[in-house]
Amino acid sequence: MIRFEKGVAAFRESKSDPELLSAIAGLKKTLNREVVILGHHYQRDEVLQFADVTGDSLILSQKAAGMQKKHIVFCGVYFMAECADILTEEDQAVYIPDLEAGCAMADMAGRPQVEALWEKLCNMSDETIIPVTYINSSADIKAFVGEKGGFVCTSSNAERVFDRAMELGTKILFLPDRYLGANTAAQKGIPKEQLWLLDRLPDSRQMKDIRVLLWDGYCSVHKYFRLEDVQRLRRDYPGIRIIVHGECSEEVVQASDHFGSTSAIIRHVSESPAGSIWGIGTEEHLVRRLKNRFPDKTVLSLSRGGFQCSTMNRITPEKLLKTLQDIQRGGNAMRIRVDPEIKYYAKSALMRMLSL
Ligand code: 13P
Ligand code: SF4
């Protein structure tokens, strides 16, 4: 039986009071010259309808970097809003409607543990190790990676970042998602024997053959998709194509037809001909949105019922309205401020990614 943990919940439909929705629409219009709302694909529809820009982590960080508005409201999770704060100017402010909307995966890598591990790894090998952190990590981890000459990556560009990191060094330390790291390594043709899961340390002899060291983190939503789900859908829907997020396990990714970011999932489904059948392994708000958007295609969740990211789901229309009201009053209760020193180094790791 599945034991739900922080980060995942069974999907539940939500409906908001029309008065509340029209209050948000009215206030958004009033604040239009100063405020922009960004929304990630996993947000509820009732929140996402107010976003000026929707996208995956890469698109949203690129857009945040070029924003001209004074106030940026980020409907997503904490690390995304932190990235927006890192990439925007000093006179711009970033807000998240719920400061507790974290990411279970990002919480799995803390800087003191990563620093201690780094020291051990460097003492074990003379080769150049390039740290790469998935964008789903704290600003502090991004700063660590930036200080060491490494990169941030997202699920959209992990392959390109791997290529660049392998030009600069001979080993990659990939944080914090073991699955995205392993799936990208497989995409690059790196044999399984050259990956090392850091649930324990290699010895110096083993270290010689390793090309990718994987931090033992994972997404507590995507880990619930199983190989049996893929097999069941293939059995029940001949001709189905399966696409999953790169945070799914290697066995699920290998049994699927495609894997990638939330944008890649949307692109594959939208570009497929009418009558196509899709099985999708990602957060359920996105799956349901695709289902509604393409009534001429069959869109199915890879798992019966679907899973929602409980932290993404903390952003509600009520909290969005409160945030806008607070901004109107000149408050900053929901503002995110990354420490300037952390910002400096984290920005260097983000910019290395954005410049690729
Ligand atoms: P994307 O960058 O693909 O939108 O993924 C973000 C995320 O948190 C997936 O769980
Ligand atoms: Fe984090 Fe997973 Fe939620 Fe994405 S779906 S924000 S990785 S917990």
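Just so it is clear, the values below take in all heavy atoms, side chains as well, and ignore hydrogens, waters and symmetry mates. All figures in this text were calculated on a predicted structure; none of them were measured in a lab. Whatever order the structure lists ligands and atoms in, that order sets their numbers, starting from 1.
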Starting from [atom], which protein heavy atom do you reach first, and at what distance in Å?
{"atom": "atom 3 (Fe) of ligand 2", "answer": "Cys309 SG, 2.4 Å"}
{"atom": "atom 2 (Fe) of ligand 2", "answer": "Cys219 SG, 2.3 Å"}
{"atom": "atom 9 (C) of ligand 1", "answer": "Glu247 OE2, 3.1 Å"}
{"atom": "atom 1 (Fe) of ligand 2", "answer": "Cys103 SG, 2.4 Å"}
{"atom": "atom 7 (S) of ligand 2", "answer": "Asn136 ND2, 3.1 Å"}
{"atom": "atom 8 (O) of ligand 1", "answer": "Asn136 ND2, 3.1 Å"}

Which atoms of ligand 1 have any heavy atom of [X] under 4.0 Å away?
{"X": "Tyr42", "value": "7 (C), 9 (C), 10 (O)"}
{"X": "His245", "value": "1 (P), 3 (O), 5 (O), 9 (C)"}
{"X": "Ser57", "value": "1 (P), 2 (O), 4 (O), 5 (O), 6 (C)"}
{"X": "Ser261", "value": "3 (O)"}
{"X": "Asp56", "value": "1 (P), 2 (O), 4 (O)"}

**Asked** Just wondering, more than 12 heavy atoms not from Tyr237 lying within 6.0 Å of its OH?
**Response**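 Open: at most 12 neighbouring heavy atoms sit under 6.0 Å from OH of Tyr237.
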[Y] and [X], any side-chain heavy atoms less than 4.5 Å apart:
{"X": "Val252", "Y": "Leu302", "result": "yes"}
{"X": "Ser256", "Y": "Val230", "result": "yes"}
{"X": "Asp56", "Y": "Thr154", "result": "no"}

Is any NZ, NE, NH1 or NH2 atom of the basic residue among [X] and [Y] found under 4.0 Å from an Asp or Glu carboxylate oxygen of the other?
{"X": "Lys192", "Y": "Glu250", "result": "yes"}
{"X": "Arg160", "Y": "Asp163", "result": "no"}
{"X": "Lys63", "Y": "Asp52", "result": "no"}

Looking at ligand 1, is there an atom of it that comes within less than 4.0 Å of some heavy atom belonging to [X]?
{"X": "Glu283", "result": "no"}
{"X": "Met312", "result": "no"}
{"X": "Cys219", "result": "no"}

**Asked** Is there a ring-ring contact (aromatic ring centres under 6.0 Å, His included) between Trp118 and Phe144 once you walk through the steps?
**Response** CA-CA 10 Å; Trp118 179 257; Phe144 169 81; 5.8 Å; yes
**ligand 2-proximal atoms of Glu247, by part, heavy-atom distance under 4.0 Å** = side chain
**Asked** When only distance counts, is His41 in polar contact with ligand 1, meaning an N/O pair under 3.5 Å?
**Response**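 Between His41 and ligand 1, no N or O pair is found under 3.5 Å apart.
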**Message:** Quick check: is Val269 connected to Ile59 through a chain of hydrophobic side chains (ILVMFWY, heavy atoms under 4.5 Å apart)?
**Reply:** no
**Item:** Of Thr311, Asn313, Thr282, the residue whose pairing with Tyr42 passes side chain to side chain donor-acceptor pair (under 3.5 Å)
**Value:** Thr282
**Request:** Hey, can you tell me if Phe225 and His222 have their rings parallel, tilted or perpendicular (30° and 60° cut-offs)?
**Result:** tilted
**Request:** Could you tell me whether Thr154 approaches ligand 1 through its side chain, its backbone, both or neither, with non-hydrogen atoms closer than 4.0 Å?
**Result:** neither
**Request:** Go through ligand 2 atom by atom and flag the ones less than 4.0 Å from a non-hydrogen atom of Tyr42.
**Result:** 5 (S)
